Trainee: 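Before we start, here is the structure in question, set down as structure tokens.
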Amino acid sequence: MKELNKSKKDKALTIFITGGSSGIGFQAALRLISLGNNIILPCKNILRANEVLTNIFNQLPCDLSEKGTIYTPVMDLADLNSIDFLCSELKKRKFNIDVLILNVGLQYTGSKIPRRSTQGFELTFAVNHLAHFYLTKKLIPLINRSKHSKIIITSSEVHNPMSSGGRVG
């Protein structure tokens with residue numbers, strides 16, 4: 001995260017992060033906003049967005065004068081139309097994105113019937129891979145406006161059968 005820090009004289013970065021409503025993504029969003037960056041943290045629905053905002057404001061120090069802003073639009077990564085809608089909205093509002101963090105990941109195991117995305121793809125593939133690829137493709141024009149843009153992709157060891165996460169399935 002050192003490279004995403006800004007000094008007092010630097011312009012705040014606009015950072016779009018998926019999976020920022022819990023876990024590592026939530027902790028990253030807290031840290032990045034506390035450093036004065038502006039965060040776009042999409043949530044699956046409005047109830048989750050309100051919950052995330054409450055959690056963030058409860059965990060940030062009282063002095064918010066040096067903090068960045070946070071925008072929690074609705075976007076469901078299991079629905080490509082939802083991604084289209086949010087990307088169109090960001091373009092209309094003339095957002096620039098300095099950093100895209102692709103952090104969300106899910107895995108459903110043990111189900112006899114596979115879960116499906118809105119478009120009918122197996123849900124783990126749809127969210128973890130297809131949605132991130134599609135989102136990145138849609139946001140490239142907004143990312144290209146930044147002189148020093150970054151795309152960061154996180155992963156876990158769920159793919160590794162020798163790890164505790166990989167043994168779940």
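Since this is a predicted model, take the numbers as computed values, not measurements.
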Trainee: Taking the side chain from Asn38 and the backbone from Thr69, do they hold a donor-acceptor pair closer than 3.5 Å?
Mentor: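 Judged by distance alone, yes, a pair lies under 3.5 Å.
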
Trainee: What's the spacing between Leu123 CG and Leu77 CG if we round to 0.5 Å?
Mentor: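 If I round to the nearest 0.5 Å, the distance is 10.0 Å.
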
Trainee: Side-chain contact, heavy-atom cut-off 4.5 Å: Cys87 with Glu89?
Mentor: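 Of all side-chain heavy-atom pairs linking Glu89 with Cys87, none is under 4.5 Å.
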
Trainee: Indicate yes or no: does Lys138 engage Asp84 in a salt bridge with an N to O separation below 4.0 Å.
Mentor: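 Salt bridge between Lys138 and Asp84, a charged N being under 4.0 Å from a carboxylate O: yes.
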
Trainee: Evaluate the criterion side chain to side chain contact (heavy atoms under 4.5 Å, CB included) for residue pair Asn81 and Phe85; output intermediate values, then yes/no.
Mentor: CA-CA 6 Å; Asn81 295 325; Phe85 182 81; over 6 Å; no

Trainee: Run the numbers on Ile143 and Ile151 for side chain to side chain contact (heavy atoms under 4.5 Å, CB included), then give the verdict.
Mentor: CA-CA 9 Å; Ile143 294 167; Ile151 298 175; 4.3 Å; yes

Trainee: Do Pro42 and Leu86 come close enough that some side-chain heavy atom pair is under 4.5 Å?
Mentor: yes

Trainee: Tell me whether Glu122 contacts the main-chain N or O of Thr124 through its side chain, where contact means a donor paired with an acceptor under 3.5 Å.
Mentor: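 Confirmed, Glu122 side chain pairs with Thr124 backbone.
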
Trainee: Mind checking whether Tyr71 and Phe95 have ring centres under 6.0 Å apart?
Mentor: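 Yes; Phe95 has its ring centre under 6.0 Å from that of Tyr71.
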
Trainee: Could you give the distance from OG1 (Thr72) to CG (Leu41), rounded to the nearest 0.5 Å?
Mentor: 7.5 Å

Trainee: In terms of hydrophobic clustering (I, L, V, M, F, W, Y; side-chain heavy atoms under 4.5 Å; direct or indirect links), are Ile153 and Leu139 co-clustered?
Mentor: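 Looking at the clustering, Leu139 is in the same group as Ile153.
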
Trainee: A quick test of your reading: do over 12 heavy atoms of other residues, nucleotides or ligands sit less than 6.0 Å from CG of Leu106?
Mentor: yes

Trainee: Is a donor from one side chain sitting under 3.5 angstrom from an acceptor on the other, for Asp98 and Ser146?
Mentor: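 Judged by distance alone, the side chains do pair up.
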
Trainee: What I want to check is whether the side chains of Thr18 and Asn103 have a donor and an acceptor closer together than 3.5 Å.
Mentor: no

Trainee: Any chance NZ of Lys137 has more than 12 other-residue heavy atoms, nucleotides or ligands included, within less than 6.0 Å?
Mentor: no

Trainee: With the side chain counted from C-beta on, respond yes when Asn37 and Ile33 share a heavy-atom pair under 4.5 Å apart, and no when they do not.
Mentor: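 SC-SC contact between Asn37 and Ile33 ruled out.
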
